[in-house]
Amino acid sequence: MTRYTGLIDQYRARLPLAADARAISLGEGRTPLIKLENIPRQIGFEGELYVKFEGLNPTGSFKDRGMTVAVTQAVHEGARAIICASTGNTSAAAAAYAVRAGVTAFVLIPEGKIALGKLAQAVVHGAVVIQIHGNFDDGMRLVKEIGKTTPVAIVNSINPYRLQGQKTAAFEIVEALGRAPDVHCLPVGNAGNISAYWLGYCEMAGIAASYSDYHQQGRFLDQPLTNKRPKMAGYQAAGAAPFLRGSAVKDPETVATAIRIGDPQSWDLAWAAQKESGGWFDECTDDEILTTQKLLAANEGVFCEPASAASLCGALRDIKSGKIAQGSTVVCTLTGNGLKDPDIIMKNGLQGLVQVPAERGAVEKVLLAHMK
Ligand code: F0G
């Protein structure tokens, strides 16, 4: 058995990297595709419902897939510094891969609006953390302006190498199932990931996505593994749902801070993915998102962050309504790890803790009361 060394080594022939580019990797990718058992039974769903748990990447989110390729390319082109705007996960990944590459990471984050674990990651990896009095969209605007005049490589998903890396999650899913799912559900913020998955699924089917040239044609398999592509379902937080409103949202607000974005950069690509796949966009309220996060954790043993729960939240609703047909194979991407944002759970979770004296009898009483 050979040691797994990350997605560039795994998929190099299908990524637009120069042959002599040194891979900057932390062993990202090859995340588990977990089949849910309890929730489908509870709701009477007879299809197959999977979660692709991207929270198990090295920095705890799917961003590592894009960052390994973007930083590899940037360093190959001679960059000494990288920059991004972020709601938290991109900054964590940028910080870690910058250390690995020996370059500086500058990260612009909305002050007070990113989960503490993500901020800790940027700090511990030594990124230059610039908190702006504004939101993600302001940060994105600034990064694009600065990128025009300053020699720093932008590693947000407007960098096409990010999407090239992120498309590999679709490769892994088709390889694991031996076919494409019927429906693929994702949370949508800046809209890069849904665009990347569509690229990946198209390549697996040997069909070009309409924007694959724009994003540098990857190489197709000689023998496509599947002739099918899934419907792409993108779910947004109701307070940050430009794809539902039809245009940018000025002051996006949601408890799912990772997707607190009003002006998605991959607007055209995500619309193309939705249309070409015959999929849809929908929205979930903050309450629905948090309820689903807890449902998943308490019934399946999987702890994702709030934004990630939007995919499953939408999927479950669409299964119940029949929009997703009985018998379908459905994959939901869980984009980030719940450990990044424990505050959200502990706000109410402390009430559930039991306190007793340090005595055997007291502990046994609690056990008796709670045995299943
Ligand atoms: N889920 C999580 C956990 C995220 O961090 C993000 C985006 C998304 C979903 C949405 O993905 O932007 O490709 O549509 N986070 C970015 C960041 C914006 O800065 O970490 P998208």
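Whatever order the structure lists them in is the order used to number ligands and atoms, beginning at 1. Please read these numbers as outputs of a predicted model, since none were measured by experiment.
Of the heavy atoms in Ala258, both backbone and side-chain atoms come closer than 4.0 Å to ligand 1.
Inter-residue side-chain proximity for Thr5 and Ser25 is flagged as unmet; no heavy-atom pair is nearer than 4.5 Å. For the pair Leu312 and Leu36, the minimum side-chain heavy-atom distance is below 4.5 Å. Taking the side chain as every heavy atom from C-beta outward, Pro58 and Tyr97 approach each other to under 4.5 Å. The shortest side-chain heavy-atom distance between Gln236 and Pro242 falls under the 4.5 Å cut-off.
Close approach of ligand 1 to Glu305 (heavy-atom distance below 4.0 Å) involves ligand atoms 3 (C). Close approach to Gly192 involves these atoms of ligand 1, each under 4.0 Å from a residue heavy atom: 13 (O), 14 (O), 21 (P). Each of the following atoms of ligand 1 lies closer than 4.0 Å to a heavy atom of Ile261: 18 (C). Per-residue contacts place Ser86 under 4.0 angstrom from the following atoms of ligand 1 (heavy atoms of the residue considered): 17 (C), 19 (O), 20 (O). For ligand 1 and Val188, the ligand atoms under 4.0 Å from any heavy atom of the residue are 14 (O). Proximity to Thr335 (heavy-atom distance under 4.0 Å) selects the following atoms of ligand 1: 1 (N), 2 (C), 3 (C), 9 (C).
Given atom 7 (C) of ligand 1, the protein heavy atom at minimum distance is Lys63 NZ, 3.0 Å. Shortest contact from atom 13 (O) of ligand 1 to any protein heavy atom: Asn193 N, 2.8 Å. Protein heavy atom at the shortest distance from atom 12 (O) of ligand 1 is Asn190 N, 2.7 Å. Nearest protein heavy-atom contact of atom 5 (O) of ligand 1 is Asn89 ND2, 2.8 Å. Scanning the protein for heavy atoms near atom 20 (O) of ligand 1, the closest one is Thr90 N, 2.8 Å. In terms of protein heavy atoms, atom 8 (C) of ligand 1 is closest to Ile259 CG2, 3.6 Å. Counting protein heavy atoms only, atom 11 (O) of ligand 1 is closest to Phe62 CZ, 3.5 Å.
Using cut-offs of 30° and 60° on the angle between ring planes, the pair Phe281 and Phe243 is parallel.
A salt bridge does not link Asp137 to Lys250: none of the charged nitrogens lies less than 4.0 Å from a carboxylate oxygen.
In this structure, Ile154 and Asn159 approach most closely via the heavy-atom pair O-ND2, 3.0 Å.
Under the ring-ring contact (aromatic ring centres under 6.0 Å, His included) criterion, no residue pair touches residues 41-78, with sequence neighbours excluded.
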Point to revise | Full working for side-chain hydrogen bond (donor to acceptor under 3.5 Å, both in side chains) between Arg65 and Thr31 | key: CA-CA 11 Å; Arg65 290 184 189 273; Thr31 54; 3.2 Å; yes

